[in-house]
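Accompanying notes for the structure given below.
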2 protein chains.
Amino acid sequence: MTPVVTKVERVAGPVGVRFAERRDELARSALQTLSELGYARTSLREIAQNSDFSHGVLHYYFADKVDLITHCVRLYKNRCVLRYDHITDQATTAGEVLDLFVEALTLTLREDALIQRLWYDLRLQSLFEPSFRSDVSLIDRSLRDMVWRVLSRYAELSGDVPAVSGDTAYAIFDGIFSHLIMRQLSGGEDLERLLSRRVRLMFPRLLKGGEA
Amino acid sequence: MTPVVTKVERVAGPVGVRFAERRDELARSALQTLSELGYARTSLREIAQNSDFSHGVLHYYFADKVDLITHCVRLYKNRCVLRYDHITDQATTAGEVLDLFVEALTLTLREDALIQRLWYDLRLQSLFEPSFRSDVSLIDRSLRDMVWRVLSRYAELSGDVPAVSGDTAYAIFDGIFSHLIMRQLSGGEDLERLLSRRVRLMFPRLLKGGEA
DNA sequence: CGATTTCCTTGACAGTTGTCAAGCTCCGGC
DNA sequence: GCCGGAGCTTGACAACTGTCAAGGAAATCG
(Lines give C-alpha, C1' and ligand atoms only; values in the text may rest on other atoms or scores of the structure.)
Protein backbone atom coordinates (compact mmCIF):
# COMPACT_ATOMS: atom_id res chain seq x y z
CA MET A 1 0.00 0.00 0.00
CA THR A 2 3.12 2.22 0.25
CA PRO A 3 1.77 5.16 2.28
CA VAL A 4 3.91 8.08 1.20
CA VAL A 5 3.81 10.65 3.98
CA THR A 6 5.52 13.74 2.69
CA LYS A 7 4.98 17.30 3.74
CA VAL A 8 1.92 18.90 2.23
CA GLU A 9 3.00 22.02 0.45
CA ARG A 10 0.66 24.60 -0.85
CA VAL A 11 1.09 25.21 -4.56
CA ALA A 12 1.24 28.60 -6.17
CA GLY A 13 -1.03 30.20 -8.76
CA PRO A 14 -4.52 31.67 -8.78
CA VAL A 15 -7.26 30.00 -6.80
CA GLY A 16 -8.98 28.27 -9.70
CA VAL A 17 -5.75 26.69 -10.90
CA ARG A 18 -4.70 25.55 -7.44
CA PHE A 19 -8.07 23.90 -6.97
CA ALA A 20 -7.80 22.05 -10.27
CA GLU A 21 -4.27 20.93 -9.50
CA ARG A 22 -5.21 19.53 -6.10
CA ARG A 23 -8.06 17.69 -7.74
CA ASP A 24 -5.64 16.13 -10.19
CA GLU A 25 -3.18 15.30 -7.45
CA LEU A 26 -5.83 13.60 -5.35
CA ALA A 27 -7.21 11.77 -8.35
CA ARG A 28 -3.74 10.54 -9.28
CA SER A 29 -3.30 9.20 -5.77
CA ALA A 30 -6.73 7.62 -5.91
CA LEU A 31 -5.85 6.02 -9.23
CA GLN A 32 -2.88 4.37 -7.57
CA THR A 33 -4.95 2.99 -4.69
CA LEU A 34 -7.80 1.91 -6.96
CA SER A 35 -5.44 0.05 -9.25
CA GLU A 36 -4.11 -1.92 -6.31
CA LEU A 37 -7.38 -2.78 -4.58
CA GLY A 38 -10.01 -2.58 -7.31
CA TYR A 39 -13.23 -0.62 -7.31
CA ALA A 40 -15.15 -2.92 -4.99
CA ARG A 41 -12.54 -2.83 -2.24
CA THR A 42 -11.47 0.81 -2.31
CA SER A 43 -13.01 3.23 0.18
CA LEU A 44 -12.58 6.97 0.34
CA ARG A 45 -10.75 6.62 3.63
CA GLU A 46 -8.29 4.21 2.08
CA ILE A 47 -7.68 6.59 -0.79
CA ALA A 48 -7.06 9.45 1.63
CA GLN A 49 -4.73 7.32 3.74
CA ASN A 50 -2.54 6.63 0.71
CA SER A 51 -2.40 10.32 -0.08
CA ASP A 52 -0.88 13.16 1.89
CA PHE A 53 -4.27 14.29 3.16
CA SER A 54 -7.01 13.31 5.54
CA HIS A 55 -10.29 11.83 4.44
CA GLY A 56 -12.25 15.06 4.80
CA VAL A 57 -10.35 16.71 1.96
CA LEU A 58 -11.92 14.46 -0.60
CA HIS A 59 -15.28 16.08 -0.01
CA TYR A 60 -13.73 19.49 -0.23
CA TYR A 61 -12.49 18.76 -3.76
CA PHE A 62 -15.06 16.26 -4.98
CA ALA A 63 -18.82 16.32 -4.65
CA ASP A 64 -19.02 12.59 -3.95
CA LYS A 65 -17.42 9.27 -4.72
CA VAL A 66 -18.76 9.15 -8.26
CA ASP A 67 -17.31 12.57 -8.96
CA LEU A 68 -13.89 11.44 -7.80
CA ILE A 69 -13.82 8.20 -9.74
CA THR A 70 -15.11 9.93 -12.83
CA HIS A 71 -12.23 12.35 -12.59
CA CYS A 72 -9.87 9.42 -12.16
CA VAL A 73 -11.18 7.89 -15.35
CA ARG A 74 -10.65 11.14 -17.22
CA LEU A 75 -7.10 11.34 -15.93
CA TYR A 76 -6.44 7.77 -17.02
CA LYS A 77 -7.59 8.57 -20.52
CA ASN A 78 -4.95 11.27 -20.97
CA ARG A 79 -2.17 8.99 -19.88
CA CYS A 80 -3.48 6.10 -21.93
CA VAL A 81 -3.92 7.47 -25.41
CA LEU A 82 -0.61 9.32 -25.23
CA ARG A 83 1.47 6.20 -25.63
CA TYR A 84 -0.04 5.23 -28.97
CA ASP A 85 -0.36 8.61 -30.59
CA HIS A 86 2.97 8.78 -32.39
CA ILE A 87 2.71 5.43 -34.16
CA THR A 88 0.79 6.41 -37.26
CA ASP A 89 2.79 9.57 -37.79
CA GLN A 90 6.21 8.14 -37.22
CA ALA A 91 6.07 4.86 -39.13
CA THR A 92 6.94 4.78 -42.82
CA THR A 93 6.51 1.07 -43.53
CA ALA A 94 3.94 -1.54 -42.55
CA GLY A 95 6.56 -3.41 -40.57
CA GLU A 96 7.37 -0.27 -38.67
CA VAL A 97 3.73 0.29 -37.75
CA LEU A 98 3.61 -3.22 -36.41
CA ASP A 99 6.88 -2.80 -34.51
CA LEU A 100 5.81 0.42 -32.86
CA PHE A 101 2.40 -0.95 -31.97
CA VAL A 102 3.86 -4.08 -30.42
CA GLU A 103 6.40 -1.96 -28.58
CA ALA A 104 3.74 0.29 -27.10
CA LEU A 105 1.58 -2.68 -26.07
CA THR A 106 4.59 -4.40 -24.53
CA LEU A 107 5.41 -1.33 -22.49
CA THR A 108 1.86 -1.16 -21.20
CA LEU A 109 1.86 -4.85 -20.35
CA ARG A 110 5.15 -4.53 -18.51
CA GLU A 111 4.66 -1.31 -16.62
CA ASP A 112 0.97 -0.49 -16.47
CA ALA A 113 -0.66 -3.86 -15.91
CA LEU A 114 -2.31 -2.70 -12.69
CA ILE A 115 -3.75 0.44 -14.26
CA GLN A 116 -4.94 -1.66 -17.15
CA ARG A 117 -6.70 -4.02 -14.77
CA LEU A 118 -8.37 -1.02 -13.19
CA TRP A 119 -9.54 0.13 -16.61
CA TYR A 120 -11.16 -3.24 -17.24
CA ASP A 121 -12.71 -3.05 -13.79
CA LEU A 122 -14.15 0.43 -14.20
CA ARG A 123 -15.37 -0.33 -17.71
CA LEU A 124 -17.37 -3.19 -16.27
CA GLN A 125 -18.60 -1.15 -13.32
CA SER A 126 -19.98 1.37 -15.79
CA LEU A 127 -22.39 -1.35 -16.91
CA PHE A 128 -23.86 -1.35 -13.40
CA GLU A 129 -23.36 2.29 -12.48
CA PRO A 130 -24.72 4.42 -15.34
CA SER A 131 -23.03 7.55 -13.92
CA PHE A 132 -19.69 6.33 -15.27
CA ARG A 133 -21.01 5.25 -18.60
CA SER A 134 -20.50 8.37 -20.68
CA ASP A 135 -16.92 8.91 -19.56
CA VAL A 136 -16.05 5.27 -20.01
CA SER A 137 -17.54 4.99 -23.45
CA LEU A 138 -15.66 8.12 -24.48
CA ILE A 139 -12.39 6.41 -23.63
CA ASP A 140 -13.56 3.23 -25.26
CA ARG A 141 -14.24 5.04 -28.48
CA SER A 142 -10.88 6.74 -28.43
CA LEU A 143 -9.16 3.40 -27.94
CA ARG A 144 -11.13 1.94 -30.81
CA ASP A 145 -10.15 4.87 -33.00
CA MET A 146 -6.52 4.39 -32.05
CA VAL A 147 -6.58 0.73 -33.03
CA TRP A 148 -8.37 1.63 -36.23
CA ARG A 149 -5.81 4.28 -37.15
CA VAL A 150 -3.00 1.79 -36.60
CA LEU A 151 -4.64 -0.95 -38.61
CA SER A 152 -5.63 1.42 -41.41
CA ARG A 153 -2.13 2.80 -41.67
CA TYR A 154 -0.73 -0.71 -41.66
CA ALA A 155 -3.10 -1.67 -44.47
CA GLU A 156 -2.32 1.46 -46.43
CA LEU A 157 1.43 0.90 -46.24
CA SER A 158 0.83 -2.70 -47.28
CA GLY A 159 -1.11 -1.55 -50.31
CA ASP A 160 -4.17 -3.25 -48.90
CA VAL A 161 -7.40 -2.53 -47.03
CA PRO A 162 -8.70 -3.70 -43.63
CA ALA A 163 -11.12 -6.61 -43.77
CA VAL A 164 -12.81 -5.77 -40.48
CA SER A 165 -14.48 -2.74 -38.95
CA GLY A 166 -12.84 -0.58 -36.30
CA ASP A 167 -15.12 -2.03 -33.66
CA THR A 168 -14.16 -5.56 -34.60
CA ALA A 169 -10.44 -4.83 -34.73
CA TYR A 170 -10.59 -3.14 -31.35
CA ALA A 171 -12.55 -6.03 -29.87
CA ILE A 172 -10.01 -8.54 -31.17
CA PHE A 173 -6.91 -6.79 -29.88
CA ASP A 174 -8.67 -5.88 -26.66
CA GLY A 175 -9.41 -9.57 -26.19
CA ILE A 176 -5.86 -10.64 -26.93
CA PHE A 177 -4.33 -7.95 -24.75
CA SER A 178 -6.68 -8.25 -21.80
CA HIS A 179 -6.15 -12.01 -21.65
CA LEU A 180 -2.41 -11.45 -21.47
CA ILE A 181 -2.82 -8.83 -18.77
CA MET A 182 -4.89 -11.27 -16.76
CA ARG A 183 -2.35 -14.02 -17.20
CA GLN A 184 0.44 -11.70 -16.21
CA LEU A 185 -1.35 -10.69 -13.04
CA SER A 186 -1.94 -14.35 -12.25
CA GLY A 187 1.78 -14.91 -12.27
CA GLY A 188 2.31 -15.95 -15.90
CA GLU A 189 5.73 -15.84 -17.52
CA ASP A 190 7.20 -14.83 -20.85
CA LEU A 191 4.04 -13.03 -21.90
CA GLU A 192 5.75 -10.26 -23.82
CA ARG A 193 6.91 -12.80 -26.36
CA LEU A 194 3.39 -14.20 -26.64
CA LEU A 195 2.01 -10.70 -27.08
CA SER A 196 4.37 -9.94 -29.92
CA ARG A 197 3.71 -13.26 -31.62
CA ARG A 198 -0.07 -12.98 -31.44
CA VAL A 199 -0.31 -9.39 -32.59
CA ARG A 200 2.08 -9.99 -35.48
CA LEU A 201 0.14 -13.08 -36.46
CA MET A 202 -3.19 -11.28 -36.51
CA PHE A 203 -2.34 -8.08 -38.36
CA PRO A 204 -1.95 -9.52 -41.87
CA ARG A 205 -5.00 -11.69 -41.30
CA LEU A 206 -7.15 -8.61 -40.78
CA LEU A 207 -6.48 -7.34 -44.29
CA LYS A 208 -8.55 -8.20 -47.32
CA GLY A 209 -5.50 -9.72 -48.96
CA GLY A 210 -6.59 -9.18 -52.56
CA GLU A 211 -9.60 -11.46 -52.25
CA ALA A 212 -13.13 -10.13 -52.54
CA MET B 1 -35.36 -6.70 -8.05
CA THR B 2 -38.48 -8.92 -8.30
CA PRO B 3 -38.69 -10.39 -4.79
CA VAL B 4 -40.40 -13.71 -5.23
CA VAL B 5 -42.04 -14.60 -1.94
CA THR B 6 -43.31 -18.12 -2.23
CA LYS B 7 -43.86 -20.61 0.53
CA VAL B 8 -40.76 -22.38 1.71
CA GLU B 9 -41.26 -26.07 1.37
CA ARG B 10 -38.95 -28.63 2.78
CA VAL B 11 -37.65 -31.01 0.16
CA ALA B 12 -37.47 -34.76 0.57
CA GLY B 13 -34.50 -37.10 0.56
CA PRO B 14 -31.64 -37.89 2.91
CA VAL B 15 -30.01 -35.13 4.89
CA GLY B 16 -26.88 -34.79 2.80
CA VAL B 17 -28.84 -34.42 -0.44
CA ARG B 18 -31.28 -31.91 1.05
CA PHE B 19 -28.36 -29.82 2.26
CA ALA B 20 -26.74 -29.81 -1.16
CA GLU B 21 -30.01 -28.91 -2.85
CA ARG B 22 -30.65 -25.96 -0.56
CA ARG B 23 -27.14 -24.78 -1.26
CA ASP B 24 -27.81 -24.91 -4.97
CA GLU B 25 -31.16 -23.20 -4.56
CA LEU B 26 -29.65 -20.37 -2.55
CA ALA B 27 -26.73 -20.05 -4.94
CA ARG B 28 -29.10 -19.87 -7.90
CA SER B 29 -31.00 -17.10 -6.21
CA ALA B 30 -27.74 -15.34 -5.39
CA LEU B 31 -26.66 -15.69 -9.01
CA GLN B 32 -29.79 -13.84 -10.04
CA THR B 33 -29.22 -10.98 -7.60
CA LEU B 34 -25.51 -10.78 -8.37
CA SER B 35 -26.16 -10.59 -12.09
CA GLU B 36 -28.46 -7.64 -11.56
CA LEU B 37 -26.37 -5.63 -9.11
CA GLY B 38 -22.80 -6.76 -9.71
CA TYR B 39 -20.29 -8.04 -7.21
CA ALA B 40 -19.43 -4.67 -5.68
CA ARG B 41 -23.03 -3.76 -4.92
CA THR B 42 -24.43 -7.09 -3.72
CA SER B 43 -24.66 -7.77 0.01
CA LEU B 44 -25.65 -10.99 1.71
CA ARG B 45 -28.77 -9.33 3.05
CA GLU B 46 -29.79 -8.32 -0.45
CA ILE B 47 -29.25 -11.85 -1.68
CA ALA B 48 -31.37 -13.23 1.15
CA GLN B 49 -34.09 -10.66 0.53
CA ASN B 50 -34.41 -11.83 -3.05
CA SER B 51 -34.67 -15.42 -1.92
CA ASP B 52 -37.36 -17.13 0.13
CA PHE B 53 -35.23 -17.06 3.26
CA SER B 54 -33.87 -14.69 5.85
CA HIS B 55 -30.29 -13.53 5.92
CA GLY B 56 -29.23 -15.90 8.69
CA VAL B 57 -29.71 -18.96 6.49
CA LEU B 58 -26.82 -18.05 4.31
CA HIS B 59 -24.43 -18.75 7.16
CA TYR B 60 -26.15 -22.01 7.86
CA TYR B 61 -25.43 -23.23 4.33
CA PHE B 62 -22.25 -21.32 3.50
CA ALA B 63 -19.17 -20.73 5.62
CA ASP B 64 -18.80 -17.15 4.44
CA LYS B 65 -19.34 -14.84 1.51
CA VAL B 66 -16.44 -16.25 -0.48
CA ASP B 67 -17.85 -19.75 -0.07
CA LEU B 68 -21.20 -18.64 -1.43
CA ILE B 69 -19.85 -16.78 -4.43
CA THR B 70 -17.48 -19.61 -5.21
CA HIS B 71 -20.44 -21.96 -5.27
CA CYS B 72 -22.25 -19.52 -7.55
CA VAL B 73 -19.34 -19.57 -9.95
CA ARG B 74 -19.36 -23.36 -10.02
CA LEU B 75 -23.07 -23.36 -10.73
CA TYR B 76 -22.60 -20.91 -13.55
CA LYS B 77 -20.01 -23.14 -15.14
CA ASN B 78 -22.42 -26.04 -15.44
CA ARG B 79 -25.04 -23.93 -17.13
CA CYS B 80 -22.50 -22.27 -19.38
CA VAL B 81 -20.57 -25.09 -20.98
CA LEU B 82 -23.77 -27.06 -21.60
CA ARG B 83 -24.92 -24.83 -24.41
CA TYR B 84 -21.84 -25.43 -26.56
CA ASP B 85 -21.25 -29.09 -25.92
CA HIS B 86 -23.24 -30.56 -28.79
CA ILE B 87 -21.68 -28.50 -31.57
CA THR B 88 -18.65 -30.59 -32.39
CA ASP B 89 -20.55 -33.87 -32.23
CA GLN B 90 -23.58 -32.80 -34.18
CA ALA B 91 -22.06 -30.89 -37.09
CA THR B 92 -20.98 -32.71 -40.22
CA THR B 93 -19.74 -29.81 -42.33
CA ALA B 94 -17.65 -26.73 -41.62
CA GLY B 95 -20.61 -24.51 -42.37
CA GLU B 96 -22.68 -26.40 -39.87
CA VAL B 97 -20.08 -25.95 -37.15
CA LEU B 98 -20.15 -22.25 -37.83
CA ASP B 99 -23.95 -22.12 -37.85
CA LEU B 100 -24.30 -23.95 -34.55
CA PHE B 101 -21.60 -21.88 -32.91
CA VAL B 102 -23.19 -18.62 -34.03
CA GLU B 103 -26.57 -19.90 -32.91
CA ALA B 104 -25.32 -20.75 -29.44
CA LEU B 105 -23.56 -17.42 -29.07
CA THR B 106 -26.65 -15.59 -30.26
CA LEU B 107 -28.79 -17.35 -27.70
CA THR B 108 -26.40 -16.38 -24.92
CA LEU B 109 -26.29 -12.80 -26.13
CA ARG B 110 -30.06 -12.62 -26.26
CA GLU B 111 -31.03 -14.41 -23.07
CA ASP B 112 -28.05 -14.53 -20.75
CA ALA B 113 -26.47 -11.12 -21.18
CA LEU B 114 -26.79 -10.34 -17.48
CA ILE B 115 -25.22 -13.59 -16.39
CA GLN B 116 -22.47 -13.04 -18.91
CA ARG B 117 -21.81 -9.60 -17.48
CA LEU B 118 -21.54 -11.21 -14.04
CA TRP B 119 -19.02 -13.69 -15.40
CA TYR B 120 -16.84 -10.87 -16.68
CA ASP B 121 -17.24 -9.15 -13.34
CA LEU B 122 -16.28 -12.16 -11.24
CA ARG B 123 -13.42 -13.04 -13.56
CA LEU B 124 -12.00 -9.59 -12.92
CA GLN B 125 -12.66 -9.76 -9.19
CA SER B 126 -10.61 -12.95 -9.10
CA LEU B 127 -7.61 -10.82 -10.05
CA PHE B 128 -8.06 -8.92 -6.79
CA GLU B 129 -9.45 -11.69 -4.60
CA PRO B 130 -7.21 -14.74 -4.99
CA SER B 131 -9.78 -16.95 -3.27
CA PHE B 132 -11.83 -17.01 -6.47
CA ARG B 133 -8.91 -17.52 -8.76
CA SER B 134 -8.78 -21.29 -8.99
CA ASP B 135 -12.48 -21.71 -9.69
CA VAL B 136 -12.49 -18.89 -12.20
CA SER B 137 -9.47 -20.12 -14.08
CA LEU B 138 -11.03 -23.58 -14.22
CA ILE B 139 -14.01 -22.14 -16.05
CA ASP B 140 -11.75 -20.02 -18.19
CA ARG B 141 -9.83 -23.06 -19.32
CA SER B 142 -13.00 -24.98 -20.10
CA LEU B 143 -14.24 -22.08 -22.21
CA ARG B 144 -10.94 -21.94 -24.03
CA ASP B 145 -11.11 -25.67 -24.68
CA MET B 146 -14.64 -25.30 -26.00
CA VAL B 147 -13.59 -22.62 -28.48
CA TRP B 148 -10.59 -24.68 -29.46
CA ARG B 149 -12.71 -27.78 -30.10
CA VAL B 150 -15.06 -25.76 -32.29
CA LEU B 151 -12.27 -24.14 -34.27
CA SER B 152 -10.38 -27.42 -34.66
CA ARG B 153 -13.46 -29.21 -35.90
CA TYR B 154 -14.18 -26.36 -38.29
CA ALA B 155 -10.63 -26.58 -39.62
CA GLU B 156 -10.77 -30.34 -39.89
CA LEU B 157 -14.01 -30.28 -41.87
CA SER B 158 -12.49 -27.58 -44.08
CA GLY B 159 -9.50 -29.77 -44.76
CA ASP B 160 -7.32 -27.22 -43.06
CA VAL B 161 -5.54 -26.48 -39.79
CA PRO B 162 -5.93 -23.64 -37.25
CA ALA B 163 -3.38 -20.86 -37.58
CA VAL B 164 -3.67 -19.76 -33.95
CA SER B 165 -3.39 -21.40 -30.55
CA GLY B 166 -6.41 -22.21 -28.40
CA ASP B 167 -5.55 -19.36 -26.06
CA THR B 168 -5.43 -16.91 -28.92
CA ALA B 169 -8.66 -18.10 -30.49
CA TYR B 170 -10.43 -17.91 -27.15
CA ALA B 171 -9.07 -14.41 -26.52
CA ILE B 172 -10.26 -13.23 -29.92
CA PHE B 173 -13.80 -14.54 -29.65
CA ASP B 174 -14.01 -13.53 -26.03
CA GLY B 175 -13.08 -10.01 -27.11
CA ILE B 176 -15.62 -9.93 -29.90
CA PHE B 177 -18.39 -11.41 -27.77
CA SER B 178 -17.77 -9.38 -24.63
CA HIS B 179 -17.79 -6.14 -26.60
CA LEU B 180 -21.16 -7.05 -28.04
CA ILE B 181 -22.50 -7.94 -24.61
CA MET B 182 -21.36 -4.57 -23.32
CA ARG B 183 -22.95 -2.76 -26.22
CA GLN B 184 -26.18 -4.67 -25.76
CA LEU B 185 -26.32 -3.74 -22.08
CA SER B 186 -25.69 -0.12 -23.01
CA GLY B 187 -28.80 -0.18 -25.14
CA GLY B 188 -27.34 -1.12 -28.52
CA GLU B 189 -29.53 -2.47 -31.31
CA ASP B 190 -29.27 -5.16 -33.96
CA LEU B 191 -26.29 -6.78 -32.28
CA GLU B 192 -27.21 -10.35 -33.17
CA ARG B 193 -26.60 -9.55 -36.81
CA LEU B 194 -23.25 -7.99 -35.96
CA LEU B 195 -22.32 -11.03 -33.90
CA SER B 196 -23.06 -13.39 -36.76
CA ARG B 197 -21.19 -11.28 -39.26
CA ARG B 198 -18.06 -10.91 -37.16
CA VAL B 199 -17.80 -14.53 -36.13
CA ARG B 200 -18.35 -15.74 -39.68
CA LEU B 201 -15.77 -13.28 -40.94
CA MET B 202 -13.13 -14.40 -38.47
CA PHE B 203 -13.40 -18.16 -38.66
CA PRO B 204 -11.82 -18.69 -42.10
CA ARG B 205 -9.16 -16.12 -41.26
CA LEU B 206 -8.00 -18.22 -38.33
CA LEU B 207 -7.03 -21.12 -40.58
CA LYS B 208 -3.64 -21.58 -42.18
CA GLY B 209 -5.24 -21.47 -45.59
CA GLY B 210 -2.67 -23.60 -47.38
CA GLU B 211 0.14 -21.14 -46.80
CA ALA B 212 3.12 -22.01 -44.67
C1' DC C 1 -46.64 -39.38 21.73
C1' DG C 2 -42.38 -37.33 23.32
C1' DA C 3 -37.62 -36.24 22.36
C1' DT C 4 -34.20 -34.82 19.39
C1' DT C 5 -32.29 -33.26 15.53
C1' DT C 6 -32.78 -30.25 11.58
C1' DC C 7 -33.89 -26.00 9.76
C1' DC C 8 -34.83 -21.30 9.94
C1' DT C 9 -35.70 -16.51 12.14
C1' DT C 10 -34.49 -12.86 14.87
C1' DG C 11 -31.66 -9.76 16.93
C1' DA C 12 -27.33 -8.24 18.05
C1' DC C 13 -22.17 -7.34 17.52
C1' DA C 14 -18.22 -4.75 15.82
C1' DG C 15 -16.41 -2.74 11.98
C1' DT C 16 -16.77 -0.03 7.79
C1' DT C 17 -18.91 3.02 4.63
C1' DG C 18 -20.14 7.83 2.42
C1' DT C 19 -21.20 12.18 3.98
C1' DC C 20 -20.97 16.40 6.36
C1' DA C 21 -20.27 20.16 9.77
C1' DA C 22 -17.54 22.49 13.22
C1' DG C 23 -13.34 24.36 13.82
C1' DC C 24 -8.31 24.84 13.31
C1' DT C 25 -4.13 26.80 10.62
C1' DC C 26 -1.99 29.70 7.88
C1' DC C 27 -1.50 32.37 3.66
C1' DG C 28 -2.62 36.82 1.18
C1' DG C 29 -4.38 41.36 1.02
C1' DC C 30 -5.53 45.66 3.43
C1' DG D 1 -0.09 43.48 11.92
C1' DC D 2 -4.37 41.92 11.57
C1' DC D 3 -8.29 39.90 9.50
C1' DG D 4 -10.91 37.11 6.13
C1' DG D 5 -11.15 33.27 3.90
C1' DA D 6 -8.97 29.25 1.63
C1' DG D 7 -7.31 24.80 2.84
C1' DC D 8 -7.21 21.13 5.81
C1' DT D 9 -8.20 18.16 10.11
C1' DT D 10 -11.05 16.12 13.30
C1' DG D 11 -14.87 13.96 14.95
C1' DA D 12 -19.40 12.68 14.40
C1' DC D 13 -23.76 10.77 12.03
C1' DA D 14 -26.66 7.19 10.14
C1' DA D 15 -26.64 3.50 7.25
C1' DC D 16 -24.76 -0.63 5.97
C1' DT D 17 -21.60 -4.63 6.07
C1' DG D 18 -20.25 -9.81 7.31
C1' DT D 19 -20.67 -12.65 11.08
C1' DC D 20 -22.60 -15.16 14.75
C1' DA D 21 -25.39 -16.83 18.71
C1' DA D 22 -29.73 -17.66 21.01
C1' DG D 23 -33.85 -19.56 20.39
C1' DG D 24 -38.28 -20.98 18.05
C1' DA D 25 -40.75 -24.07 14.75
C1' DA D 26 -41.14 -28.17 12.40
C1' DA D 27 -40.10 -32.57 11.03
C1' DT D 28 -38.15 -37.05 12.11
C1' DC D 29 -37.45 -40.99 14.85
C1' DG D 30 -37.65 -43.97 18.91
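Residue numbering restarts at 1 for every chain, and letters A, B, ... go by the order of the sequence lines.
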Tell me: CZ of A:F62 to C1' of C:dT17, nearest whole Å?
19 Å

Is the base of C:dG18 touched by the side chain of A:R45 through a donor-acceptor pair closer than 3.5 angstrom?
yes

Taking atom P of C:dT19 as reference, at what distance in whole Å does atom CD1 of A:I69 sit?
10 Å

Relative to the 5' end of DNA chain C, which residue comes earlier, A:S43 or A:A63, by the nucleotide with the nearest heavy atom?
A:S43

The side chain of B:Y61 lies closest to which of these nucleotides: C:dT9, C:dC8, D:dT9?
C:dC8

Report yes or no: is the cationic atom of A:K65 (NZ for Lys, CZ for Arg) closer than 6.0 Å to the six-membered ring centre of A:F132, at no more than 45° off its axis?
no

Atom NE2 of B:H59 and atom P of D:dG18 are separated, to the nearest Å, by 8 Å

Among C:dT19, D:dT19, C:dT9, the nucleotide that comes nearest once only the side chain of A:K65 is considered
C:dT19

If you go through the side-chain atoms of A:R18, does one of them form a donor-acceptor pair with the base of D:dG7 closer than 3.5 Å?
no

What is the distance, rounded to the nearest whole Å, between atom CD of B:E46 and atom C1' of D:dG18?
15 Å

Does a salt bridge link B:D140 with A:R183, judged by any charged N lying under 4.0 Å from a carboxylate O?
no

Rounded to the nearest angstrom, tell me the gap between atom CD in B:E21 and atom C1' in C:dC8.
18 Å

I need the single residue from A:V199, A:L109, A:L180 that forms a side chain to side chain contact (heavy atoms under 4.5 Å, CB included) with A:L194. Which is it?
A:L180

Rounded to whole Å, the CG-P distance (B:L26 to C:dC7) equals 12 Å

Atom pair distance, as rounded to whole Å: CZ in A:R22 and P in D:dG7:
9 Å

Among D:dG11, C:dG18, C:dC8, which nucleotide sits nearest the side chain of A:H55?
D:dG11

Would you call B:R200 and B:D99 a salt bridge, using N to O less than 4.0 angstrom?
yes

Report, as yes or no, whether the 6.0 Å neighbourhood of atom CZ on B:R41 holds more than 12 heavy atoms from other residues, nucleotides or ligands.
yes

Send over the distance from A:D52 CG to D:dC8 P, rounded to a whole Å.
10 Å

